Structures are given as C-alpha cells and as structure tokens.
Amino acid sequence: MSRLTHNHSDTAEATATMRAAESLLPEGRRLLVDPMARHFVRRPAYLVPARSAFAARLAVSLFDRWCPGLHGHVVLRARYADDAIRSTARAGVRQVVLLGAGFDTTAHRLPGAARFFEVDVPTTQQAKRDRLRATAGPTGSGRTPGGPHGSTIVDEAGGPTYVPCNFGVDDVGARLREHDFDPGAPALFLWLGVVPYLTPEALETTLAELRGVTARGSSLVLDYVEADALDRAAGHSGARRVERMVARRGEPLHSAFTPDTIAATLSRHGLTVNDDVGLGELAARYPTADGPRYRDGWNRVATAVAAG
Ligand SMILES: C[S@@+](CC[C@H](N)C(=O)[O-])C[C@H]1O[C@@H](n2cnc3c(N)ncnc32)[C@H](O)[C@@H]1O
C-alpha cells in the first residue's frame with residue numbers, strides 16, 4: 001500500500017519549497033513568483049529557504065550543485081503551466097484540472113482564468129486544505145502576514161473544487177463528473193510532477209478514464225523523467241539522487257519515457273503531442289536578466305491535444 005494512503009505527499013511539500021525559495025530570489029534572477037507557496041512548507045528542513053531570502057539564495061545554489069536539473073525544472077514547469085492556462089483561457093477553455101495538485105497554488109494565483117479542479121489523494125488534499133485554513137486565520141479573512149512576499153489567500157468559498165482520487169485505484173473520470181466537471185466542454189489538464197510516481201498500469205488506466213471526460217479542444221500538459229537518466233551506469237547524477245531520495249521517503253519512481261514512448265503512450269488515448277521540451281529549451285524560453293539559468297536536465301514537459 002502506498003505511503004500516500006496514510007500521509008500527505010512529502011514531494012508535494014518539497015516542490016512547494018522550491019517555488020517558495022525561487023520567489024525570494026532577486027527580481028532579475030527569479031523565474032517565478034509564487035508568494036503563497038511558503039504557507040505549505042512545514043518540514044523543519046524546508047522552512048528556512050522558504051522564508052529567508054539569504055537562505056533561499058544559498059539553498060538554491062547548493063541544491064543546483066547537489067542535484068542538478070531538479071529545481072530549475074520545477075519552477076520552469078510552473079511558468080510553462082501558467083502560460084498554458086492563459087493561452088487556453090484566451091481560446092475559451094474555462095476548466096483547468098490539476099491532476100496530483102499537491103500544494104500547487106495556481107488556482108489562487110490565477111483565480112479568474114478558469115474554474116479549477118484539484119485532484120489528489122485524500123491525505124495530501126486534506127493537508128492542503130488544513131494549511132489554507134490555518135493561513136486564512138480564525139476569521140477566514142484570508143489576509144496573511146505582510147512583508148515583501150505576503151499574500152492574500154482566497155478562502156474555500158472562492159477556491160478550487162477538490163476532487164479526491166487515487167490514480168490507478170479510483171476512476172478519475174467518474175470522480176470529476178461527481179464534482180460538477182463538464183465532460184462536454186474543453187479543459188486543460190495539468191499533470192505535473194506526478195507521472196513518474198505512477199506505475200505504467202496506473203498511468204494507462206488513468207489516461208483511459210480521462211479520455212471519457214476529454215472533449216475536443218482539450219489539452220494535457222505533463223512532465224516525465226527521461227528514461228536514460230535513470231540508467232544505473234550512465235544515468236544523470238541528479239536523477240539518480242532524486243530516485244534514491246524519493247524512494248526513501250516512500251514515493252518511489254515507477255516510470256520514465258523518451259519523447260517517442262510518451263508520444264506513443266498518449267496517442268493510444270487520443271492525444272497528440274505538439275510540444276515536448278527539455279530543461280535547456282525551457283530555460284531559453286524563460287531567460288532571466290542574465291540569460292538562461294539552466295541547461296542540463298533530465299525531465300521534459302510535453303503538451304498533447306485531444307481530437308475529441
Ligand atoms: C511531486 S508532487 C507534485 C505536486 C504538484 N503537482 C506540483 O507540481 O508541485 C506529486 C503529487 O502527486 C500526488 N500523487 C502521487 N500519486 C498519486 C496517485 N496515485 N493518485 C493521486 N495523486 C497522486 C501526490 O499526492 C502529490 O501531491
């Protein structure tokens with residue numbers, strides 16, 4: 001039985017920490033501003049870089065050396081997703097589904113862009129809602145402590161629709177329908193930082209279930225670990241470290257792909273890849289004032305569109 005049945009996801013807290021630390025970097029250097037991310041960080045080891053600008057600078061630089069390619073990927077995929085939400089909203093898409101949302105704050109950062117559905121296992125989802133409520137305070141006023149990175153948190157009434165679901169166990173299509181998702185209208189599905197943790201069987205089942213609620217004009221953005229990065233002899237040092245670290249924390253990696261194998265997997269479920277980028281290209285799309293910050297990665301982000 002997965003650790004996530006009993007505990008919230010530690011990897012969700014780790015990625016929130018990376019977004020919080022990135023938000024504290026100097027203006028011309030940071031790739032993302034996610035002022036709410038720090039509210040979801042509780043683990044003692046993660047607290048300091050999520051709250052102090054000095055510690056954030058140090059932690060990002062040390063982490064980039066210890067585990068090259070991960071921090072850059074996590075913050076750049078969030079930029080990529082924000083752009084996908086804005087561009088699909090301009091095209092009239094009004095539903096955004098965060099699959100394995102974790103402590104993602106997009107629904108609060110871009111509240112008017114669409115109706116947001118957050119799908120995750122009940123444990124992680126409950127931890128997120130508890131932290132949101134604690135941050136909003138007893139009055140539920142939603143005002144959080146100020147400072148340069150203070151933020152306003154929307155309380156539950158204005159927030160996303162939470163859809164509890166364990167991929168590979170529960171039927172995600174059925175769960176979405178039960179929560180007022182409109183399968184006849186196009187949607188943007190974001191599946192970030194989740195596919196590597198699913199077994200190939202759970203991934204296939206979930207894609208098949210999603211197909212039943214995917215209208216023409218919908219798209220899916222996901223990220224995946226590059227298959228050769230995990231090679232025991234010639235793999236990527238960052239990938240191999242993360243593989244060991246997440247396994248120790250009870251969230252082992254189960255799948256990795258090449259651009260061809262992910263495209264083939266998605267096409268079995270009616271999805272055609274129209275963009276697939278590695279870290280170097282992502283960094284070139286979102287350069288900082290002093291140029292692209294990252295080159296060497298082992299994750300890719302892909303977008304696929306549904307013919308319907
Ligand atoms: C690395 S975190 C990524 C969270 C978020 N998408 C982000 O980018 O920060 C992985 C997330 O996937 C969720 N997850 C993992 N396995 C899952 C499953 N079988 N069903 C639903 N959610 C799952 C975890 O609870 C966690 O929130």
Side-chain angles (χ1 to χ4, degrees), residues 11 15 18 31-32 68-91 93 96-102 104 106 167 186-200 202-204 206-208 210-211 214 216-231 234-236 238-240 242-243 253-287 292-308:
T11 61
T15 53
M18 291 180 217
L31 292 161
L32 179 77
L70 183 60
H71 177 87
H73 171 71
V74 167
V75 297
L76 285 165
R77 78 181 180 205
R79 280 289 294 276
Y80 184 97
D82 284 1
D83 281 358
I85 292 170
R86 291 194 189 97
S87 74
T88 54
R90 278 196 298 276
V93 174
V96 174
V97 184
L98 304 177
L99 297 162
D104 186 304
T106 313
F167 304 131
L188 170 64
F189 296 90
L190 297 168
W191 214 357
L192 298 176
V194 188
V195 166
Y197 298 100
L198 302 181
T199 61
L203 176 63
E204 291 281 348
T206 308
L207 284 168
L210 285 173
R211 188 173 192 171
T214 300
R216 181 186 288 275
S218 298
S219 46
L220 167 68
V221 175
L222 58 72
D223 62 341
Y224 62 95
V225 171
E226 292 182 44
D228 54 7
L230 298 177
D231 187 278
H236 189 289
R240 301 276 289 115
V242 168
E243 186 182 31
L253 299 183
H254 286 298
S255 66
F257 297 88
T258 66
D260 285 345
T261 59
I262 197 74
T265 301
L266 294 172
S267 95
R268 282 198 290 282
H269 300 280
L271 294 159
T272 307
V273 172
N274 65 7
D275 193 29
D276 186 328
V277 279
L279 184 61
E281 194 175 339
L282 267 184
R285 286 186 193 182
Y286 302 103
R293 236 172 73 197
Y294 293 99
R295 276 179 188 84
D296 173 29
W298 44 277
N299 286 278
R300 299 182 69 85
V301 184
T303 298
V305 292

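Worth saying up front: this structure is predicted, and the values here are computed from it rather than measured.
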**Q** Tell me, do L210 and F167 make a side-chain contact under 4.5 Å, heavy atoms counted?
**A**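 Sidechains of F167 and L210: no contact.
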**Q** Exactly one of L222, I262, V225 should register a side-chain contact (heavy atoms from CB on, under 4.5 Å) with F257. Which one does?
**A**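 Result for side-chain contact (heavy atoms from CB on, under 4.5 Å) with F257: I262.
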**Q** Do you know the tightest heavy-atom contact between W298 and P68?
**A**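 The pair with the smallest heavy-atom distance is NE1-O, 2.9 Å.
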**Q** Search all heavy atoms of D296 against all heavy atoms of L279 and return the closest pair with its distance.
**A**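 What the structure gives for the nearest pair is O-CD2, 3.7 Å.
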**Q** Mark yes or no for whether S219, through its side chain, and V305, through its backbone, hold a donor-acceptor pair below 3.5 Å.
**A**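 No.
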**Q** About how many Å separate OG1 of T258 and CD of E226, when rounded to the nearest 0.5 Å?
**A**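 Reported value, rounded in 0.5 Å steps: 9.0 Å.
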**Q** What I'd like to find out is whether the side chain of R79 reaches to under 4.5 Å of the side chain of R285, using heavy atoms alone.
**A**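 Answer no - side chains too far apart.
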**Q** Roughly how far, to the nearest 0.5 Å, is CG of D223 from CZ of R77?
**A**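 CG of D223 is found 4.5 Å from CZ of R77.
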**Q** Have Y80 and D275 got a donor and an acceptor in their side chains that come within less than 3.5 Å?
**A**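 Checked: Y80/D275 side chains pair up, N/O donor to acceptor below 3.5 Å.
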**Q** Under a 4.5 Å cut-off applied to non-hydrogen side-chain atoms, are I85 and L190 in contact?
**A**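 Side chain of I85 against side chain of L190, heavy atoms only: contact under 4.5 Å found.
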**Q** Determine the minimum heavy-atom distance between A304 and L266, stating which atoms define it.
**A**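 Heavy atoms only, the tightest pair is CB-CD1, 4.0 Å.
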**Q** Counting only N and O atoms by type, is there a donor-acceptor contact under 3.5 Å from the side chain of S255 to the main-chain atoms of V195?
**A**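 Here the side-chain-to-backbone pair exists.
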**Q** Enter the distance from R268:CZ to L207:CG here, rounded to the nearest 0.5 Å.
**A**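 The distance works out to 9.0 Å.
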**Q** Minimum heavy-atom separation for A283 to P292, with atom names?
**A**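 Minimum heavy-atom separation between A283 and P292: O-CB, 3.8 Å.
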**Q** When rounded to the nearest 0.5 angstrom, what is the spacing between CG in L31 and OH in Y286?
**A**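 Answer for the CG-OH pair, L31 versus Y286, is 10.5 Å.
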**Q** Indicate yes or no: does D83 engage R86 in a salt bridge with an N to O separation below 4.0 Å.
**A**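 Yes, D83 and R86 are salt-bridged.
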**Q** Please find the pair of heavy atoms, one from H71 and one from Y294, that lie closest to each other, and give the distance.
**A**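 Closest approach of H71 to Y294: CD2-OH, 3.2 Å.
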**Q** Does some side-chain heavy atom of L253 sit less than 4.5 Å from a side-chain heavy atom of Y197?
**A**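 With C-beta onward as the side chain, the pair touches.
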**Q** What's the shortest heavy-atom distance between P186 and R216, and which atoms?
**A**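 Between these two residues, the closest heavy atoms are CB-O, 3.7 Å.
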**Q** Using distance alone, with no hydrogens and no angle criterion, decide if T106 and D104 have a side-chain donor and acceptor under 3.5 Å apart.
**A**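 Note: T106 and D104 side chains meet the donor-acceptor criterion.
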**Q** Would you say L98 and V96 make side-chain contact, with heavy atoms under 4.5 Å?
**A**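 Yes, at least one pair of side-chain atoms sits under 4.5 Å.
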**Q** Spell out, as yes or no, whether a donor-acceptor pair under 3.5 Å connects the side chain of H269 to the backbone of L271.
**A**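 The answer is no, because no donor-acceptor pair under 3.5 Å joins these two groups.
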**Q** Hey, could you give me the CG/NE2 distance between L230 and H236, rounded to the nearest 0.5 Å?
**A**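 Separation between the atoms: 11.0 Å.
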**Q** Would you say the side chain of H73 lies within less than 4.5 Å of the side chain of M18, judging by non-hydrogen atoms?
**A**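 A side-chain contact under 4.5 Å is absent here.
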**Q** Could you check if a side-chain atom of L198 sits within less than 4.5 angstrom of a side-chain atom of W191, using non-hydrogen atoms only?
**A**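 Yes. Closest side-chain heavy atoms under 4.5 Å.
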